[in-house]
Asker: 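Quick one: structure below, then a few questions.
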Number of protein chains: 2
Amino acid sequence: MSEPVGLRARKKARTRDAIADAAISLFLARGFDQVSVSDIAAAAEVSKPTLFRYFPTKEDLVLHRFADHNGEAARVVGERRPGTAPIAALHQHFRAGLDRFEPVTGLNDHPEVVAFHRLVFGTPSLAGRLLQYMRDDEDALAAALDPGVRGRLLAAQVIAVQRVLARTNWQKIAAGRTARDVHPEAVADADLAFAQLGRATNHL
Amino acid sequence: MSEPVGLRARKKARTRDAIADAAISLFLARGFDQVSVSDIAAAAEVSKPTLFRYFPTKEDLVLHRFADHNGEAARVVGERRPGTAPIAALHQHFRAGLDRFEPVTGLNDHPEVVAFHRLVFGTPSLAGRLLQYMRDDEDALAAALDPGVRGRLLAAQVIAVQRVLARTNWQKIAAGRTARDVHPEAVADADLAFAQLGRATNHL
DNA sequence: GTTACCGAGTTGCAAAAGCAACCTGGTAAC
DNA sequence: GTTACCAGGTTGCTTTTGCAACTCGGTAAC
């Protein structure tokens with residue numbers, strides 16, 4: 001079940017975590033622009049080149065958590081069970097994310113996660129780079145759906161829907177409500193949105 | 001005052017400590033011969049070749065603490081203040097060691113130190129290697145004292161005296177007495193021994 | 001307006017570590 | 001007695017890291 005990780009792999013993972021943790025905690029404490037990558041490297045007890053070997057840019061120190069979900073939509077479509085419509089598979093996957101209160105869905109009220117969201121959306125360069133991530137995700141999804149314009153159009157709509165759903169959830173959380181409390185509405189919203197999307201698919 | 005240690009040096013020191021600590025604690029728990037170097041490497045999260053890069057033999061995993069004192073006698077003689085006799089300098093240094101309850105003097109009743117002594121003297125290969133360390137120390141001291149036979153003879157006596165003094169202290173500790181309680185006797189013994197040694201020097 | 005500094009990111013090289021496979025001597029099984 | 005295994009220690013090669021010095025764009029001082 002568990003891959004037999006050697007010392008090398010284990011230490012790499014630990015280094016990566018040390019860097020990411022140091023970065024996030026410094027960013028949350030002082031703000032993105034008030035922390036230099038050298039500060040982070042020092043806090044993680046790592047040299048600057050090593051830091052950049054793990055994370056290509058300063059922004060990625062924050063956004064790697066989103067990066068982990070990169071291409072997920074495309075994967076969900078690619079690995080769906082035969083007979084399942086792409087939209088249905090994506091719907092199901094998003095629904096599962098809500099049930100697990102995954103941060104990407106916006107439906108998570110842990111203080112750290114809330115602070116993290118505030119950091120990302122309150123820092124222009126981060127929000128900007130996040131858009132780029134989403135565009136990449138969209139491209140991959142488009143390719144998985146349909147090589148033509150139809151794929152591109154549908155992918156754009158799917159990503160847009162997911163973004164709106166996450167943002168809606170997040171705003172309710174930011175207003176002080178609990179994730180558990182918001183959950184039913186989030187599910188209803190998702191059902192509504194994906195149903196519309198399904199109809200759009202048929203129309204195209 | 002403090003050398004500016006870089007990341008490299010800091011991590012090396014940490015690795016070395018991790019290996020040494022893992023080794024000692026395993027040895028104390030199960031006995032020297034019941035622990036393989038692979039066990040130690042695994043416990044320290046280090047590969048076997050790395051372990052041997054830090055410690056040339058299994059014995060050195062235990063004895064590096066003595067190794068830290070290697071050449072100390074020679075150094076004390078070499079760096080003594082002008083006008084001080086070699087024996088006087090060595091006497092003074094041993095006395096200072098007693099006052100600090102340094103483990104090398106045998107005058108230390110911390111449970112870990114006691115267990116450590118028991119480990120060393122209860123394991124033949126360790127005791128054997130320890131002798132070799134003392135011989136090296138003796139050679140260095142001989143060179144520092146006098147290049148001829150006189151140096152060799154005197155060095156041998158100094159080392160022998162230190163060994164007997166340490167062993168005497170250690171036996172009293174092993175019998176259950178406290179280091180603080182034994183201290184005056186230890187000082188008296190040392191004064192006696194080094195006084196004899198001083199007279200011997202004049203005779204030669 | 002140029003000069004100096006700072007922070008992001010890069011480059012080339014040397015040190016350290018991991019890994020797998022090996023050698024050697026001892027000892028237990030058969 | 002030979003065969004197999006185990007533990008101590010080694011070897012060659014690769015990956016990872018540190019380090020110092022660099023580029024480049026921005027910005028503050030003068």
Side-chain angles (χ1 to χ4, degrees), chain A residues 3-24 26-27 29-64 67 123-129 132, chain B residues 3-24 26-27 29-64 67 119 123-130 132:
Chain A
E3 338 64 15
V5 284
L7 286 172
R8 206 121 77 181
R10 222 182 312 164
K11 291 186 178 180
K12 275 193 79 165
R14 225 176 278 168
T15 301
R16 190 187 173 82
D17 289 350
I19 296 172
D21 290 351
I24 299 274
L26 283 176
F27 287 152
R30 316 210 306 250
F32 187 74
D33 293 321
Q34 278 61 55
V35 179
S36 77
V37 295
S38 299
D39 293 340
I40 298 167
E45 300 205 275
V46 147
S47 72
K48 206 168 54 152
T50 296
L51 184 151
F52 282 109
R53 272 177 208 122
Y54 281 88
F55 299 93
T57 71
K58 187 183 179 185
E59 282 76 26
D60 288 297
L61 286 165
V62 178
L63 299 176
H64 72 279
T123 309
S125 61
L126 287 176
R129 180 128 177 120
Q132 192 182 329
Chain B
E3 336 64 14
V5 284
L7 286 172
R8 201 118 83 184
R10 222 183 311 164
K11 291 187 179 178
K12 276 193 77 167
R14 224 176 282 167
T15 302
R16 191 186 172 82
D17 289 349
I19 296 172
D21 290 351
I24 299 273
L26 283 176
F27 286 152
R30 317 212 304 250
F32 188 74
D33 293 320
Q34 278 61 55
V35 179
S36 77
V37 294
S38 299
D39 293 340
I40 299 167
E45 301 205 273
V46 146
S47 73
K48 206 168 54 153
T50 295
L51 185 152
F52 281 110
R53 272 177 208 121
Y54 281 88
F55 298 94
T57 71
K58 187 182 180 186
E59 282 76 25
D60 288 295
L61 286 165
V62 178
L63 299 177
H64 72 280
L119 172 68
T123 309
S125 60
L126 286 177
R129 179 121 179 125
L130 186 53
Q132 192 182 330

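Note: hydrogens, waters and symmetry copies are ignored here, and every other heavy atom, side chains too, is used. A, B, ... follow the sequence lines: proteins, then strands. Residue 1 opens every chain.
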Asker: Compare the minimum distances between each of dC19(D), dT10(D), dG8(D) and the side chain of K58(B), then state the nucleotide with the smallest one.
Answerer: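 Nearest to the side chain of K58(B) among the choices is dG8(D).
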
Asker: May I have the distance from K12(A) (atom NZ) to dC19(C) (atom C1'), rounded to whole angstrom?
Answerer: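 Roughly 15 Å, once rounded to whole Å.
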
Asker: Verify the contact: side-chain N or O of K48(B) to OP1 or OP2 of dG18(C), cut-off strictly under 4.0 Å; return yes or no.
Answerer: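 Looking at the OP1 and OP2 atoms of dG18(C), neither is under 4.0 Å from any side-chain N or O of K48(B).
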
Asker: Quickly, which of R14(B), R8(B), K11(B) forms a salt bridge (charged side-chain N to carboxylate O under 4.0 Å, His left out) with E45(A)? Name it, please.
Answerer: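 Answer after filtering R14(B), R8(B), K11(B): R14(B).
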
Asker: From the options dG9(C), dT10(D), dG18(D), select the nucleotide whose nearest atom is closest to the side chain of V46(A).
Answerer: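 Taking heavy atoms from C-beta onward, the closest nucleotide is dG18(D).
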
Asker: Is there a donor on the side chain of R53(A) or the base of dG9(C) sitting less than 3.5 Å from an acceptor on the other?
Answerer: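 By the distance-only test, no, there is no pair.
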
Asker: Nearest whole angstrom, please: distance from the C1' of dC6(D) to the CG of D33(B).
Answerer: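 Those two atoms, CG and C1', are 14 Å apart.
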
Asker: In whole angstrom, give the distance that lies between atom CG of L61(A) and atom C1' of dG7(C).
Answerer: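 Whole-Å distance recorded here is 14 Å.
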
Asker: Could you tell me the separation between the CZ atom of F27(A) and the P atom of dG7(C), rounded to a whole number of Å?
Answerer: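 Going from F27(A) (CZ) to dG7(C) (P), I get 13 Å.
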
Asker: Indicate whether OP1 or OP2 belonging to dT16(D) is found under 4.0 Å from a side-chain N or O atom of T15(A).
Answerer: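 No, outside the criterion.
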
Asker: Between E59(B) and S125(B), which heavy-atom pair has the shortest distance, and what is it?
Answerer: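 Looking at all heavy atoms of both residues, the shortest contact is OE2-OG, 3.6 Å.
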
Asker: Is it the case that K58(B) places NZ or CZ above or below the six-membered ring of F27(B), under 6.0 angstrom from the centre and within 45 degrees of the axis?
Answerer: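 Ring-cation test returns no.
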
Asker: Take atom CG of L51(B) and atom P of dT10(D), then tell me their distance rounded to the nearest Å.
Answerer: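 Result: 11 Å.
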
Asker: Categorize S36(A) for me: base, sugar-phosphate, or nothing, with a 4.0 angstrom heavy-atom threshold over every strand shown.
Answerer: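 Sugar-phosphate only.
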
Asker: With heavy-atom distances below 4.5 Å as the criterion, would you say the side chains of T50(A) and R53(A) are in contact?
Answerer: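 Yes - at least one pair of side-chain heavy atoms lies under 4.5 Å apart.
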
Asker: May I have the distance from Q34(B) (atom CD) to dG8(D) (atom C1'), rounded to whole angstrom?
Answerer: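 It works out to 15 Å between those atoms.
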
Asker: Just how far, in rounded Å, is C1' of dT16(D) from CZ of R14(A)?
Answerer: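 Rounded to whole Å, this separation is 15 Å.
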
Asker: Can you pull the salt bridge (charged side-chain N to carboxylate O under 4.0 Å, His left out) pairs that have at least one residue in residues 32-44 of chain A, sequence neighbours excluded?
Answerer: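 Applying salt bridge (charged side-chain N to carboxylate O under 4.0 Å, His left out) to every pair that reaches into residues 32-44 of chain A, excluding sequence neighbours, yields R30(A)-D39(A).
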
Asker: For A9(A) and S38(A), find the nucleotide of DNA chain C closest to each by heavy atoms; which residue's nucleotide sits nearer the 5' end?
Answerer: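 Upstream on the strand: S38(A).
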
Asker: Could you state the atom-to-atom distance from CG of D39(A) to P of dC6(C) in whole Å?
Answerer: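 Those two atoms, CG and P, are 13 Å apart.
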
Asker: Tell me whether the side-chain N/O atoms of Y54(A) come closer than 4.0 Å to OP1 or OP2 in dT16(D).
Answerer: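 For dT16(D), OP1/OP2 do not have a side-chain N/O of Y54(A) under 4.0 Å.
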
Asker: From dT10(D), dA8(C), dG18(C), pick the nucleotide closest to the side chain of L7(A)?
Answerer: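 Selected nucleotide: dG18(C).
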
Asker: Name the closest nucleotide to the S47(A) side chain, picking from dC19(D), dA8(C), dG9(D).
Answerer: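 Selected nucleotide: dC19(D).
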
Asker: Using OP1 and OP2 only, check whether a side-chain N or O of T50(A) sits under 4.0 Å from dG18(D).
Answerer: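 So the side-chain polar atoms of T50(A) do come within 4.0 Å of the phosphate oxygens OP1 or OP2 of dG18(D), strictly under.
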
Asker: Choosing from dG18(D), dT10(C), dG9(D), which nucleotide comes nearest the side chain of R8(B)?
Answerer: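 Comparing dG18(D), dT10(C), dG9(D) against the side chain of R8(B), the answer is dG18(D).
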
Asker: Below 4.0 angstrom from OP1 or OP2 of dT17(D), is there any side-chain N or O of K11(B)?
Answerer: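 Checking K11(B) against dT17(D): no side-chain N or O falls below 4.0 Å of OP1 or OP2.
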
Asker: Could you tell me whether the side chain of L51(B) reaches within less than 4.5 Å of the side chain of L61(B), counting heavy atoms only?
Answerer: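 The answer is yes, as the side chains (C-beta and beyond) meet within the 4.5 Å cut-off.
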
